[in-house]
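Below, read A as the first sequence line, B as the second, and so on, with proteins coming before strands; counting in each chain starts at 1.
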Protein chains: 2
Amino acid sequence: MFVLIDPATATPVFAQIAESIATQIATGTIATGERLPAAKVLAESIGVNFHTVLRAYQELRNDGQIELRRGRGAVVIGAPTANGVRVAVARAAAEAKSAGIPIGTLLALVRKEYES
Amino acid sequence: MFVLIDPATATPVFAQIAESIATQIATGTIATGERLPAAKVLAESIGVNFHTVLRAYQELRNDGQIELRRGRGAVVIGAPTANGVRVAVARAAAEAKSAGIPIGTLLALVRKEYES
DNA sequence: ACCTATTTGTCCGTATGTATG
DNA sequence: CCATACATACGGACAAATAGG
């Protein structure tokens with residue numbers, strides 16, 4: 001697990017961690033089902049507070065990339081992603097963008113619709 | 001601004017705060033464009049740490065309900081929500097649900113599509 | 001143009017709780 | 001029962017953007 005932090009960058013540390021892990025998931029460096037190191041462990045290895053790593057993990061969870069469970073750790077989720085879904089999502093995103101709806105609002109709409 | 005916290009409940013304090021404010025936005029008790037009290041002020045008024053309120057605010061921002069800016073505060077966003085968007089979102093949500101795709105993954109897909 | 005107060009943003013540290021194994 | 005590991009909350013510090021004088 002290699003995570004390199006650039007303190008000079010404007011992007012926050014937790015975001016850098018999340019981005020690094022997300023990239024490694026996307027490129028297959030970290031496999032589906034694999035378990036990420038405990039937040040405390042990773043934090044010590046890159047020299048940051050464990051809360052910062054935890055926040056990165058929670059960001060990844062909110063993006064549906066990993067699953068977090070107490071006592072168990074962080075596990076990478078495999079994305080099945082049926083085809084019809086992708087098409088529908090693409091249309092919704094395009095509609096929203098052309099309507100000038102911000103991403104946050106769109107996500108709120110999707111969540112509300114999904115949970116209704 | 002009335003926010004009542006029940007310490008006996010299992011739901012976290014920050015979630016209770018966010019939920020309370022979301023309800024007040026939904027019911028019109030808090031109007032669109034209105035400014036929420038500063039996190040520090042609200043925190044003192046309900047007797048919690050200001051970080052907890054800040055987290056509630058950030059939750060509301062992630063849900064597209066308010067806009068946060070340093071030095072400016074938290075302002076309630078009005079939802080324009082064009083009609084075509086609602087239809088597209090509803091379809092995408094339905095597709096995802098029938099495909100068994102969890103909400104987190106769906107949101108990640110939407111975000112990726114939107115930002116591409 | 002400058003300075004100051006306000007307010008959110010991030011990070012650190014500590015403590016306690018809770019689900020998992 | 002116990003160790004592990006995430007979850008929440010508190011507290012403090014400093015940074016950065018905004019607003020107002």
Side-chain angles (χ1 to χ4, degrees), chain A residues 1 3-22 25 30 33-77 102-104, chain B residues 1 3-21 25 30 33-77 102 104:
Chain A
M1 186 69 186
V3 173
L4 185 61
I5 299 304
D6 178 8
T9 311
T11 66
V13 177
F14 79 89
Q16 290 186 48
I17 297 172
E19 200 174 321
S20 169
I21 295 175
I25 291 176
I30 305 176
E34 194 171 330
R35 184 179 171 280
L36 299 182
K40 186 188 170 192
V41 173
L42 180 57
E44 281 169 357
S45 90
I46 60 183
V48 300
N49 191 274
F50 101 101
H51 281 118
T52 306
V53 173
L54 215 50
R55 185 164 176 186
Y57 279 9
Q58 289 170 347
E59 181 114 321
L60 291 169
R61 180 190 52 189
N62 289 341
D63 282 0
Q65 309 220 47
I66 66 174
E67 189 190 35
L68 289 178
R69 295 261 283 277
R70 286 172 178 158
R72 196 151 121 339
V75 178
V76 176
I77 296 179
I103 178 64
Chain B
M1 186 70 184
V3 173
L4 186 61
I5 300 303
D6 179 8
T9 311
T11 67
V13 178
F14 80 89
Q16 290 186 48
I17 296 172
E19 201 175 319
S20 169
I21 295 175
I25 291 175
I30 304 176
E34 195 171 330
R35 185 179 171 281
L36 299 182
K40 185 187 170 193
V41 174
L42 180 57
E44 283 170 357
S45 90
I46 61 183
V48 300
N49 191 276
F50 97 98
H51 283 119
T52 305
V53 173
L54 215 49
R55 183 163 177 187
Y57 280 9
Q58 289 170 348
E59 181 113 324
L60 290 169
R61 180 191 52 188
N62 289 342
D63 282 359
Q65 308 221 45
I66 66 175
E67 189 192 34
L68 290 177
R69 296 260 285 278
R70 285 173 180 161
R72 211 155 105 9
V75 179
V76 176
I77 296 177

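B:K40 has its NZ atom 21 Å from the P atom of D:dT18, to the nearest Å. If you take OH of B:Y57 and C1' of C:dG9, they are 15 Å apart, rounded to a whole angstrom. Between A:N49 atom CG and C:dA15 atom C1' there is a gap of 13 Å when expressed in whole angstrom units. The interatomic distance linking A:E67 (CD) with C:dT20 (P) rounds to 11 Å, in whole Å. At whole-Å resolution of the value, CG in A:L42 and P in D:dT4 are 18 Å apart. Taking atom CZ on B:R72 and atom P on D:dG20, their separation rounds to 10 Å, with Å as the unit. Computed from coordinates, the B:R70 CZ to C:dT7 C1' distance equals 10 Å when rounded to whole Å. Atom CG in A:L54 sits about 15 Å away from atom P in C:dG13, given to the nearest Å.
Contact check, A:Q58 against D:dA7: a side-chain N or O comes under 4.0 Å of OP1 or OP2.
Of the candidate nucleotides C:dC11, C:dG9, D:dT18, C:dC11 has the atom nearest to the side chain of A:V13. When distances are taken from the side chain of A:R35 to each of C:dG9, C:dC11, D:dA5, the shortest belongs to D:dA5. The listed nucleotides are D:dC6, D:dC10, C:dT20; the one nearest the side chain of A:L68 is D:dC6. You'll find that the side chain of B:T52 is closest to D:dC10, out of D:dC10, C:dT20, D:dA7. Comparing C:dT14, D:dA7, D:dG12 by their closest approach to the side chain of B:H51 singles out D:dG12.
For the atom pair A:M1 CE and A:R35 CZ, the distance stands at 11.5 Å (nearest 0.5 Å).
Side-chain atoms of A:L36 and A:I66, non-hydrogen and from C-beta on, do get closer than 4.5 Å to each other. Contact of the B:F14 side chain with the B:V48 side chain is not registered, since no non-hydrogen atoms from C-beta on lie closer than 4.5 Å.
Nearest-nucleotide positions on DNA chain C place A:V48 closer to the 5' end than the other of A:R69 and A:V48. Taking for each of B:F50 and A:A38 the nucleotide of DNA chain D with the nearest heavy atom, the 5'-most of the two is the partner of A:A38.
Side chain of A:E34 to main chain of A:V76: no donor-acceptor pair is present (N/O by atom type, distance under 3.5 Å, no hydrogens or angles).
In terms of heavy atoms, A:Q16 sits closest to A:T9 at NE2-CB, 3.9 Å.
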